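One structure is given below, encoded as structure tokens.
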Amino acid sequence: MTASAQPGPPAETIDVFLVAGEESGDRLGAALMRALRERTFGHVTFSGVGGREMAAEGVTSLYSIDDLPIIGFSAIPRRIPKILRLMRFTAKAVVAKRPHVLVVIDSPGFTRGIARRVRAADPTIAIVEYVSPSVWAWRPGRARVMRAYIDHILALLPFEPEVHRRLGGPPCTFVGHPLAGEVRELRPNAQEALRRLTAPPVLLVLPGSRVGEVERLLGVFADTVALLRDRAGPLEVVVPTVPHLAEPIRTATKRWPLQPRIVVETAEKQAAFRIARAALAKSGTVTLELAVAGVPTVGAYRVSWLEAVVGRRLVKVSSVILANLVLGENVVPEFIQEACTSENLAAAVLPLLADTPQRRRQIEAFSRLDAIMEIGSKAPAIRAADIVLDAARRAMPSR
């Protein structure tokens, strides 16, 4: 069966074990579970590790994933003992369960450790990795090493299959980014498009979804907003955030000269994207989300001194802005470490608030994303489900 073929009911119930280490992976896992249930006509069972969304789809998680998210090199050492214990525990649970296929979802520092242990203990279990590690950005040698324990990679970004082919990695298929399913919620209707051009302009400020990111960026973003108010006049500032950061951000922004509106719910955030004139955002997935929404953006990032030293030695890409990487050109300005100052950020955001060449260039580039990301074709979760089922069926004869 090819990845694009329509599967029929399986000869036997497919047993799938999924491991997601943080909320973004939990969302991918839940969508995949729905698609697998659809593609197998319900002849599928699930077990594993996940969060609230996977629980709603039927997974009773082996443990809470709340303590698992890791970002940055400096965050790793103090968590290593617990992470290793959970890796061993999870791998043993997979081997004991003997599913047809193990799907490890993102959080590569955690999930690939599980995959290696499972492959060593029971080579008959198919293993699929959902979300490619950033081998195109740093440590490219990981791609070839993964061939020993990953049967197939489901890529979110269109350039990743060619990268893995070139680096000697496992088979890799672009299944699509989950943003493809959110296009209607992110793009404005006629009335909202008019609001984008109406005064006062709406400026989105997105300092990140982790405590360390917010601590490093919120102060410089506050100073940037103050400069923009002085230079551009009245602004409506909206700060989308996640529930566990809402109160700290609300407290910190009380001291801002321009009081922002804090939004937490997904629907509120999407509504803000639909009327935003421009955005000031932490580098990351959100820059691609903003690009899909057609919101001109300036990206910024700060890390600890240790992460900066290591990153400068290891990172091999021309941009850390995901939208730039997908587009293949650096249309979104980015300011990292020492360059991440309020003066630099304000100077870059200011022309995005008016009809300028800088604004028009971003909007024109963003218009190409539908073709590049195959938005409007088969849903990413369905594509992913077909490949997972194919991997499971290939493993069946050896069981």
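Source: prediction; values computed, not measured.
At a threshold of 4.0 Å, the pair Arg394-Asp151 does not count as salt-bridged, since none of the basic side-chain nitrogens sits closer than that to a carboxylate oxygen. The existence of a salt bridge linking Arg52 and Glu57 is excluded, since no basic side-chain nitrogen approaches an acidic carboxylate oxygen closer than 4.0 Å. We find that Lys97 and Asp122 are not joined by a salt bridge, their nearest charged nitrogen and carboxylate oxygen being 4.0 Å or further apart. With respect to Arg210 and Glu22, a salt bridge is recorded, a charged nitrogen being found less than 4.0 Å from a carboxylate O. Ion pair Glu364/Arg368 flagged as a salt bridge, since at least one NZ, NE, NH1 or NH2 atom sits closer than 4.0 Å to an Asp/Glu carboxylate oxygen.
The backbone N or O of Thr251 sits nowhere less than 3.5 Å from a side-chain atom of Thr253 that would complete a donor-acceptor pair. Using a distance-only test at 3.5 Å, with no hydrogens or angles considered, no donor-acceptor pair links the side chain of Arg231 to the main chain of Ala226. Judged by distance alone, the side chain of Arg195 and the main-chain N or O of Thr198 form a donor-acceptor pair under 3.5 Å. Of the possible polar contacts, one joining the Arg359 side chain to the Arg277 backbone as a donor-acceptor pair under 3.5 Å is found. Judged purely by atom type and a 3.5 angstrom limit, Arg119 uses its side chain to pair as donor or acceptor with the backbone of Ile125. In this structure, Thr173 contributes its side chain and Leu154 its backbone to no donor-acceptor pair below 3.5 Å. Glu247 places no side-chain N or O within 3.5 Å of a backbone atom of His244 that could act as its donor or acceptor partner. Using modelled atom types, one side-chain atom of His100 and one backbone atom of Asp15 make a donor-acceptor pair closer than 3.5 Å.
Side-chain atoms of Tyr149 and Arg112 include a donor-acceptor pair closer than 3.5 Å. Inspection of the Glu12 and His43 side chains reveals no N or O donor paired with an N or O acceptor under 3.5 Å. Side-chain N/O atoms of Arg383 and Ser377 include a donor and acceptor closer than 3.5 Å. In this structure, a donor-acceptor pair under 3.5 Å is present between the side chains of Arg98 and Thr124.
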side-chain contact (heavy atoms from CB on, under 4.5 Å) between Val238 and Val205, worked out: CA-CA 6 Å; Val238 181; Val205 176; over 6 Å; no

Phe366/Leu327 under side-chain contact (heavy atoms from CB on, under 4.5 Å): CA gap, chis, key distance, verdict: CA-CA 8 Å; Phe366 296 164; Leu327 287 164; 4.0 Å; yes

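Put simply, Phe89 and Val104 are part of the same group of oily side chains (I, L, V, M, F, W, Y) that touch within less than 4.5 Å, one to the next. Note on Val239: it clusters hydrophobically with Val211, by side-chain heavy-atom contacts below 4.5 Å among ILVMFWY residues. In the hydrophobic clustering of this structure, Leu290 does not group with Val264; members are Ile, Leu, Val, Met, Phe, Trp, Tyr whose side-chain heavy atoms approach within less than 4.5 Å, directly or through other members. A single hydrophobic cluster is seen to contain both Val242 and Leu280, as judged by linkage of ILVMFWY side chains at heavy-atom distances under 4.5 Å, directly or through other members. In this structure, Leu227 is not a member of the same hydrophobic cluster as Val298, with clusters built from ILVMFWY side-chain heavy atoms closer than 4.5 Å.
Here the shortest heavy-atom pairing between Leu156 and Phe174 reads O-CE1, 3.1 Å. Scanning all heavy atoms of the two residues, the minimum distance from Leu288 to His177 falls at CD2-CD2, 3.9 Å. Annotation for Ala293 and Phe273: closest pair CB-CD2, 4.0 Å, computed over non-hydrogen atoms. Across all non-hydrogen atoms, the minimal contact from Gly208 to Val214 is O-CG2, 3.6 Å.
In this structure, Leu353 CG and Leu235 CG are separated by 6.5 Å, a value rounded to the nearest 0.5 Å. Taking CG from Asp26 and CD1 from Ile105, the interatomic distance works out to 8.0 Å, rounded to the nearest 0.5 Å. The distance from atom CD1 of Ile14 to atom CZ of Phe46, rounded to the nearest 0.5 Å, is 10.5 Å.
Aromatic ring pairs are classed by plane angle as parallel below 30°, tilted from 30° to 60° and perpendicular above 60°; the pair Phe110 and Tyr63 is perpendicular.
Just one residue in the list Arg196, Arg361, Arg360 forms a salt bridge (charged side-chain N to carboxylate O under 4.0 Å, His left out) with Asp355, and that residue is Arg360.
Between Met33 and Glu53, the closest side-chain pair of non-hydrogen atoms is not below 4.5 Å.
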